[in-house]
Amino acid sequence: MPEFRLGLEFANALDKSDDLATFRDRFHIPKDKNGQELIYLCGNSLGLQPKITKSYVNQELEDWANLGVEGHLHARNPWLPYHEYLCGQMAKIVGAKPIEVVVMNTLTANLHFMMVSFYKPTDKRYKILIENDAFPSDKYAVESQLRHHGYDDKEGLLIWKPRPGEELLRYEDLEELMDKHGDEIALVMIGGVNYYTGQYFDLKRIAELAQSKGCMVGFDCAHGAGNVALNLHDSGADFAVWCSYKYLNSGPGSLAGCFVHERHAHSPDLNRFTGWWSHNKATRFNMRDEFDVIPGAEGWQLSNPPILSMAAIRASIDVFDEVGMPRLIKKSKQLTSYMEFLVKQLGEDKVRIITPENQQERGCQLSVQVINGNKEIYDQLTESGVICDWREPDVIRCAPVPLYNNYTEVYRMVEKLKVVLNG
Ligand SMILES: *Cc1c(COP(=O)(O)O)cnc(C)c1O
């Protein structure tokens with residue numbers, strides 16, 4: 001990591017020595033009314049469109065037009081096994097074995113389906129532990145699971161909270177919670193990278209702690225997949241879920257990922273909701289056989305999937321496969337540290353970064369707290385051509401994404417922020 005210096009020239013120099021710089025050109029960069037490229041730092045919310053996506057989707061549209069139902073077997077990429085084209089590459093991105101990963105449904109739906117299997121409350125052990133400021137959808141999902149099983153959603157929900165005056169979560173506090181309540185907790189469900197603070201948790205440490213108390217453990221990795229090295233298999237988590245439209249650039253509302261640890265791969269008796277796509281592929285179309293579940297994560301699928309959405313996912317993960325997570329993470333650390341360096345120049349009386357400083361505890365996102373600020377700052381920033389997002393009460397989330405963002409635009413963004421703050 002170089003010593004960072006101020007000034008546009010230094011930003012340009014970093015771009016010149018960036019061996020991933022050409023990947024930016026593989027994406028459509030949104031533009032303003034005058035045709036100027038916007039500074040897009042919102043890849044943690046909706047990733048940009050790879051230019052190859054259109055041809056991948058068009059191919060399936062053509063095959064459907066030309067073949068109709070025959071496309072299931074005779075499309076250039078036959079639709080019947082289409083999800084299988086994704087498992088291996090997706091598994092690589094999240095650090096899992098192919099048998100542990102499937103792409104299906106949407107994120108919150110997958111979270112529910114995983115809880116059908118891995119939230120198994122008993123009279124003594126029925127609580128669910130989540131992190132403070134969990135993504136609202138996750139919180140609503142676990143609350144509704146509690147109610148579904150007849151528990152009070154306030155009493156049944158435990159929250160790992162930061163200490164007063166702090167934003168980040170401490171493992172000592174989780175340990176204390178688990179010591180006190182471990183035997184009442186059925187499931188620990190944590191957002192692998194917290195969407196608000198950008199804190200990236202030690203998944204293995206949390207999983208080991210939860211499992212040592214006899215709890216099941218799952219992670220929502222929506223802000224982790226394609227951003228950090230999740231190593232899901234080694235974490236030992238029972239399950240994980242993530243979406244493909246944030247860092248994975250697969251299009252709005254695209255299908256989601258799901259991980260079930262290998263130790264559950266051959267557990268046909270594990271309770272689950274099923275459909276014909278969870279049934280043994282060899283006999284699926286006999287249509288009358290006794291249910292016979294596919295081993296591994298595929299055994300949690302229900303329906304034949306939307307091929308158009310999967311085509312977009314294929315396009316995107318082909319780009320990931322070409323770059324590889326290690327190179328992406330290397331650039332990510334440098335790009336984000338560069339942004340951190342520049343933001344810090346603005347002064348602690350103006351802005352404060354709440355995301356951890358330690359690179360092992362964050363991905364590319366920085367959550368910048370505006371001191372005594374309000375949404376006007378953010379609105380003016382947007383007006384000046386920067387796309388990031390605002391989270392009440394006072395945080396601007398910025399995600400310089402290593403695949404398509406560059407050093408120069410990070411420099412320009414911080415210059416614009418400076419103007420707005422001094423305005
Ligand atoms: C983005 C995100 C969601 C969104 O859920 P959908 O089901 O895809 O609408 C849920 N949880 C987390 C942690 C997220 O980051």
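In listed order, ligands and their atoms are each counted from 1. If you're wondering where the values come from, they're calculated on a predicted model, not measured in any experiment.
- In terms of protein heavy-atom proximity, atom 12 (C) of ligand 1 is closest to Phe135 CG, 3.3 Å.
- Atoms of ligand 1 lying under 4.0 Å from any heavy atom of Thr108, numbered from 1 in the order shown and given with element: 5 (O), 6 (P), 7 (O).
- Between Tyr195 and ligand 1, not a single N/O pair is under 3.5 Å apart.
- Using the six-membered ring where Trp is involved, His261 and Phe259 have ring planes that are perpendicular, over 60° apart on the 30 and 60° scheme.
- The Lys246 neighbourhood of ligand 1 comprises atoms 1 (C), 2 (C), 3 (C), 14 (C), 15 (O), with distances under 4.0 Å to a heavy atom of that residue.
- When each atom of ligand 1 is checked for a heavy atom of His223 under 4.0 Å away, the hits are 15 (O).
- Checked by distance only, ligand 1 and Tyr245 come closer than 3.5 Å through their nitrogen or oxygen atoms.
- Salt bridge status for Arg24 with Glu409: present, with a side-chain N to carboxylate O gap under 4.0 Å.
- Residue contact check for ligand 1: Asp138 places a non-hydrogen atom closer than 4.0 Å to it.
- Across Arg205, Lys180, Arg170, a single residue satisfies salt bridge (Lys or Arg N to Asp or Glu O under 4.0 Å) together with Glu175, and that is Arg205.
- Residues Gln365 and Tyr200 have side chains that never bring a donor and an acceptor to within less than 3.5 angstrom of each other.
- A salt bridge links Lys51 and Asp25; the closest N-O separation between the charged side-chain nitrogens and carboxylate oxygens is under 4.0 Å.
- Met178 has its side chain within reach of Val188: a pair of non-hydrogen atoms, C-beta onward, lies under 4.5 Å apart.
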